[in-house]
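One is the number of the first residue; the rest follow in order along the sequence. All ligand and atom numbering here is 1-based and tracks the order in the structure. Note that the structure is a prediction, hence the values are computed from the model and not measured.
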Amino acid sequence: MYRSNTCGELRLADVGKMVTLCGWLQKSRDLGGMTFIDLRDRFGLTQLAFNMETNAAVCEQARKLGREYVLQVKGLVKERESKNQQMPTGEIEIIVDEIVILNEAILPPFTIEDNTDGGDDLRMKYRYLDIRRNPVRNNLLLRHQVAKQTRAYLDNQNFVEVETPVLIKSTPEGARDFVVPSRMNPGQFYALPQSPQTFKQLLMVGGIDRYYQIVKCFRDEDLRADRQPEFTQIDCEMSFVEQEDVLNMFEGLVKHLFAMVKSIEIPQVPRMSYADAMKYYGSDKPDTRFEMKFVELNSPEADLVSGKGFKVFEDAELVVGICAKNAAHYTRKQLDELTDFIKRPQIGATGLVYARVNEDGSIKSSVDKFYDEAALAEWAKAFGAEPNDLILILAGGADKTRKALNELRLEMGTRLDLRDASVYSCLWVTDFPLLEFIEEDGRYFAMHHPFTAPKPEDIKLLEEGKLGEIRANAYDLVINGVEVGGGSVRIFNKQLQAKMFEVLGFSKEEAQVQFGFLMNAFEYGAPPHAGIAFGFDRLCSLFGGENSIRDFIAFPKNNSGRDVMIDAPAAIDNKQLNELGIAIKNV
Ligand code: ASP
């Protein structure tokens, strides 16, 4: 038996017991007559004490041990003279009789402490050492909890976990696929799944009724800060359900996870249509931890800007602003910073108009030349602005201006401390457009995916060719401005699915080659079905109160898609290439 106890469990009640512990040497302190070692394992730290007078041999031995040595120690649990209340085991120590060195360790390249001196690259290269640190290990434990509670909830709701294949077929829709050459079929390739979408639908045709899977998905996209080429989804599908059933079922999951993992009770999750999300927040994933809704100043119902000679506003398709509570004290410098912020090329607005509501209710704006007190008072009324509030207004093309104001709203939310990571605000965004026109390609693409059903009342628009106006039974779950999950009611009728492929620019033959298996399956009695998938890594990072999903993945890739620890991707040798029938030129 290697150990009788872990390094995290001994307490005053254990005083007097002989125990055996195993772990890594966290740190040692040599105080002349006494030597102390903190021994660490996954469960905690325990102080080991060595006394030169009573056991010189073991004490000498202890003094020679280096950081991260793997030890087995045997000794007596004793009450400590100076207790450490910060440590769960801080009231006891082990008077060690015997040390066995299970393994030596060379000096780690960074300190195994909560606040390490190791930079990002170094920690990734030696990720196994990084995982010894509390913050990283705690993230993995949190991830385990989220997975376990997900399974508990879904199992309780009669969902079945079914594995779907990882070697599948490349499809032209969606992101870029990772491909795997087939040795047995030279010149042919598998693709790694971007999601198990079609398989879970086929499971519904197979009568599984309620499916889920915590599953790896792969997308070969250019990596942004919060993306990984391989990531994990909680993927779900249900039969004989409408959108309402899915929203309720998975609102239940989210509530369960918050309750079990965070001990937070989430109120009923509000819903907002995509159209409203764009109108009031300029984003389909608004951060609703704070209000600061958009107010339009030149809508047909209420035009508060025209006829005053201010060309910028008069010529603009949209004049829209936000009201930042208690920000009227913003200085010239701070307003200039905001102007610079919205003028950055990524945002691309041309200018910022502001109006301050002073303590006494008078209003001072950057366009006083054009708008008198009475006109500004109308603005303030529209924004519901009160003394000490700051109104910020952008103008220009509608889409671009909404996007820019969304960025400005988030920036103000951050500056005014309205985006506390320990506060959670959930939102369902519903009624997404079915199709989205992409200028560069000159055609429509499915906004969610090609299997998403139009709203029944909008199917006529499909026939009429009013493609941009069709709404889908598609929904996203947004938490704190992060899209955590998304799904839809599916098409389960072959004709409608064929029509959808036609609208997406597939010829009949192409559709048959790519998705014939699904359309054929629909002819054998497909049930009405719908589903959703959650970004599991993202959910974990939200629960952990951090932005980066990398911190919640045991062995993540860096921003160039590399695993720097195992040094992948890497070249393969010619023998392998030959077997695969692949010739690489100019390497
Ligand atoms: N497969 C979809 C996705 O990965 C989710 C779904 O519709 O269930 O986004």
Side-chain angles (χ1 to χ4, degrees), residues 150 154 159-166 168-178 191-205 208-221 226-239 241-243 245-251 253-254 274 284-285 428-436 445-455 471-479 482-492 497 500 504 514-515 518 526-539 549:
T150 298
L154 293 174
F159 281 77
V160 186
E161 186 162 20
V162 182
E163 288 168 274
T164 52
V166 172
I168 65 167
K169 186 162 81 168
S170 186
T171 56
E173 212 66 355
R176 205 177 290 117
D177 284 321
F178 278 102
L192 304 182
Q194 296 182 25
S195 87
Q197 184 61 36
T198 49
F199 288 97
K200 66 175 171 175
Q201 292 191 240
L202 292 170
L203 287 170
M204 296 303 107
V205 181
I208 289 295
D209 206 293
R210 291 184 174 194
Y211 142 94
Y212 84 101
Q213 187 179 189
I214 297 182
V215 61
K216 270 289 171 74
C217 300
F218 307 84
R219 294 183 192 172
D220 188 5
E221 292 172 310
D226 201 24
R227 288 268 168 93
Q228 285 280 313
E230 55 175 300
F231 59 98
T232 305
Q233 285 191 341
I234 306 170
D235 190 46
C236 311
E237 198 76 9
M238 303 170 77
S239 288
V241 288
E242 297 175 338
Q243 169 165 311
D245 302 306
V246 178
L247 297 189
N248 288 333
M249 175 63 72
F250 292 98
E251 184 160 331
L253 170 65
V254 170
Y274 170 86
D284 59 3
K285 41 177 188 294
W428 285 113
V429 178
T430 62
D431 301 348
F432 276 81
L434 182 71
L435 300 160
E436 162 181 49
F445 281 78
M447 193 143 179
H448 187 51
H449 51 53
F451 317 108
T452 295
K455 281 190 163 300
R471 289 164 310 155
N473 269 330
Y475 32 80
D476 275 359
L477 180 75
V478 177
I479 305 181
V482 176
E483 182 200 323
V484 170
S488 60
V489 174
R490 324 298 186 189
I491 297 170
F492 65 104
Q497 187 64 73
M500 189 67 183
L504 294 173
Q514 286 298 333
F515 297 109
L518 186 71
H529 58 287
I532 192 166
F534 294 90
F536 182 64
D537 313 285
R538 242 178 231 186
L539 202 55
I549 64 169

For this session: Kindly write out the residues that satisfy salt bridge (Lys or Arg N to Asp or Glu O under 4.0 Å) with Lys285, not counting sequence neighbours, or none if the list is empty.
Result: none
For this session: Check ligand 1 against Ile532 and write out every atom of the ligand that is under 4.0 Å from a heavy-atom position of the residue.
Result: 8 (O)
Exercise. For ligand 1, which part of Arg219 has a heavy atom less than 4.0 Å away: the side chain, the backbone, both, or neither?
Worked result: side chain
Problem set entry | Listed partners of Lys169 passing salt bridge (Lys or Arg N to Asp or Glu O under 4.0 Å), at least two apart | none
Problem set entry | Sub-3.5 Å N/O-N/O distance, Glu237 and ligand 1 | no
For this session: Using a 4.0 Å heavy-atom threshold (strictly under), name the region of Ala533 that reaches ligand 1: side chain, backbone, both or neither.
Result: both
Exercise. Of the backbone atoms (N, CA, C, O) and the side-chain heavy atoms from C-beta on, which set of His448 has a member under 4.0 Å from an atom of ligand 1: side chain, backbone, both, or neither?
Worked result: side chain
Exercise. So which protein heavy atom does atom 5 (C) of ligand 1 come closest to, and at what separation?
Worked result: Gly486 O, 3.4 Å
Seminar exercise, completed: Counting heavy atoms under 4.0 Å, the part of Thr452 that contacts ligand 1 is neither
Exercise. Is the CD atom of Glu242 crowded by more than 12 outside heavy atoms at less than 6.0 Å?
Worked result: no
Exercise. Any side-chain heavy atom of Ile491 within less than 4.5 Å of one from Phe451?
Worked result: no
For this session: Have a look at ligand 1 and work out which part of Lys200, if any, has a heavy atom under 4.0 Å from it: side chain, backbone, both or neither.
Result: side chain
Exercise. Of all the non-hydrogen atoms in the protein, which one sits nearest to atom 2 (C) of ligand 1, and at what distance?
Worked result: Gln197 OE1, 3.6 Å
For this session: Could you check whether the rings of Phe432 and Tyr274 sit parallel, tilted or perpendicular, using 30° and 60° as the cut-offs?
Result: tilted
Exercise. Backbone, side chain, both or neither: what part of Arg490 comes under 4.0 angstrom of ligand 1, heavy atoms only?
Worked result: side chain
Problem set entry | Distance-only polar pair, side chains of Thr164 and Gln213, donor-acceptor under 3.5 Å | yes
